[in-house]
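The structure appears right after this line, and notes come after that.
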Amino acid sequence: MTTTPKTWRVAFLGAGAIIQRGHIPSFQRLANVETVAVCDVNLARAQAVADEVKIPHAYSDYQQMLSEIQPDIVVVATPNIFHTPMTIAALEVGAHVLCEKPLALTYADAKMMMDKAAEVGRVLTVGTHYRWS
């Protein structure tokens with residue numbers, strides 16, 4: 001019996017250069033991925049990025065985005081101070097998370113994030129791409 005592969009719904013927190021030039025094009029090259037939302041505190045920037053790369057939703061509130069979109073994967077590429085709350089929120093809605101480096105500002109926050117991922121049975125990884133080269 002042949003099964004259809006899962007289509008992964010990916011959302012992006014942050015609309016800066018690493019999202020625009022790195023993450024979005026990389027995910028959009030994959031056959032089983034649908035890029036569904038971009039969130040940035042600057043809604044005009046999020047909307048411009050979404051329009052340019054044909055992503056259907058743009059948000060300025062990440063909690064609203066997570067609640068409404070329910071993505072399978074979230075990429076967190078925001079200022080470092082926001083990595084912990086955004087990653088925890090994404091994990092709590094059931095998403096796997098790719099967080100840009102550094103994972104957190106303190107060991108305690110990083111441990112809390114990793115513990116939450118284990119608790120909810122999701123993957124949390126850090127954008128240290130040269131480690132995989």
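With no hydrogens or angles considered, no side-chain donor-acceptor pair links Thr7 and Glu34 at under 3.5 Å.
Put simply, CE on Met113 and SG on Cys99 are 4.5 Å apart, with the number rounded to the nearest 0.5 Å. For the atom pair CG of Asp109 and CE of Met114, the computed distance is 13.5 Å after rounding to the nearest 0.5 Å. To the nearest 0.5 Å, atoms CZ (Phe27) and CZ (Phe12) are separated by 6.0 Å.
For residues 83-99, the pairs satisfying salt bridge (Lys or Arg N to Asp or Glu O under 4.0 Å) are Glu92-Lys116, with sequence neighbours left out. Among residues at least two apart or in separate chains, salt bridge (Lys or Arg N to Asp or Glu O under 4.0 Å) pairs with a member in residues 6-24 are Lys6-Asp72. Among pairs with a residue in residues 28-78, none fulfils ring pair (Phe, Tyr, Trp, His ring centres under 6.0 Å), at least two apart in sequence or across chains. Identified under the ring pair (Phe, Tyr, Trp, His ring centres under 6.0 Å) test for residues 109-128, with sequence neighbours left out: none.
In this structure Lys54 satisfies the side chain to side chain contact (heavy atoms under 4.5 Å, CB included) test with no other residue, sequence neighbours excluded. Taking the salt bridge (charged side-chain N to carboxylate O under 4.0 Å, His left out) definition, one finds that Arg45 meets it with Asp40, sequence neighbours left out. Scored by the side chain to side chain contact (heavy atoms under 4.5 Å, CB included) test, Arg29 finds Pro25, Ser26 as partners (sequence neighbours excluded). In this structure, the side chain to side chain contact (heavy atoms under 4.5 Å, CB included) partners of Arg122, at least two apart in sequence or on a different chain, are Leu91, His96, Val120. Residues passing the side chain to side chain contact (heavy atoms under 4.5 Å, CB included) test with Ala110, sequence neighbours excluded: Leu103, Ala104. Remark: His23 pairs with no residue by the ring pair (Phe, Tyr, Trp, His ring centres under 6.0 Å) rule, at least two apart or across chains. Under the salt bridge (charged side-chain N to carboxylate O under 4.0 Å, His left out) criterion, Asp115 pairs with Lys111, sequence neighbours left out.
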Could you pull out every donor-acceptor pair under 3.5 Å between side chains of residues 78-85 and any protein atom, sequence neighbours left out?
unit_1, atom_1, unit_2, atom_2, d
His83, ND1, Glu100, O, 3.4
His83, ND1, Pro102, O, 2.7
His83, NE2, Thr78, O, 2.9

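Hydrophobic clustering (ILVMFWY, side-chain heavy atoms < 4.5 Å, transitive): Met86 and Met65 are in one cluster. Ile69 and Val53 end up in different hydrophobic clusters when Ile, Leu, Val, Met, Phe, Trp and Tyr side chains are linked at under 4.5 Å. When the side chains of ILVMFWY residues are joined at heavy-atom separations under 4.5 Å, either directly or via intervening members, Trp8 and Val75 end up in a single hydrophobic cluster. Leu43 and Val41 fall into different hydrophobic clusters, where Ile, Leu, Val, Met, Phe, Trp and Tyr residues are linked whenever their side-chain heavy atoms come under 4.5 Å apart, directly or through other members. Note on Leu66 and Leu124: same hydrophobic cluster, where clusters join Ile, Leu, Val, Met, Phe, Trp and Tyr whose side-chain heavy atoms are under 4.5 Å apart, directly or indirectly.
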CA sep, side-chain torsions, deciding dist, call: Leu98, Val76, side-chain contact (heavy atoms from CB on, under 4.5 Å):
CA-CA 6 Å; Leu98 166 59; Val76 178; over 6 Å; no
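For the pair Val74 and Leu13, the minimum side-chain heavy-atom distance is below 4.5 Å.
Checking Val49, Ile24, Val36 one by one against Ile55, the side chain to side chain contact (heavy atoms under 4.5 Å, CB included) holds for a single residue, Ile24.
Nearest approach of Ser60 to Cys39, heavy atoms of both residues: C-SG, 3.8 Å. Ala95 approaches Pro71 most closely through the heavy-atom pair CB-O, 3.5 Å.
Between the side chain of Gln63 and the backbone N or O of Ala89, no donor-acceptor pair lies under 3.5 Å.
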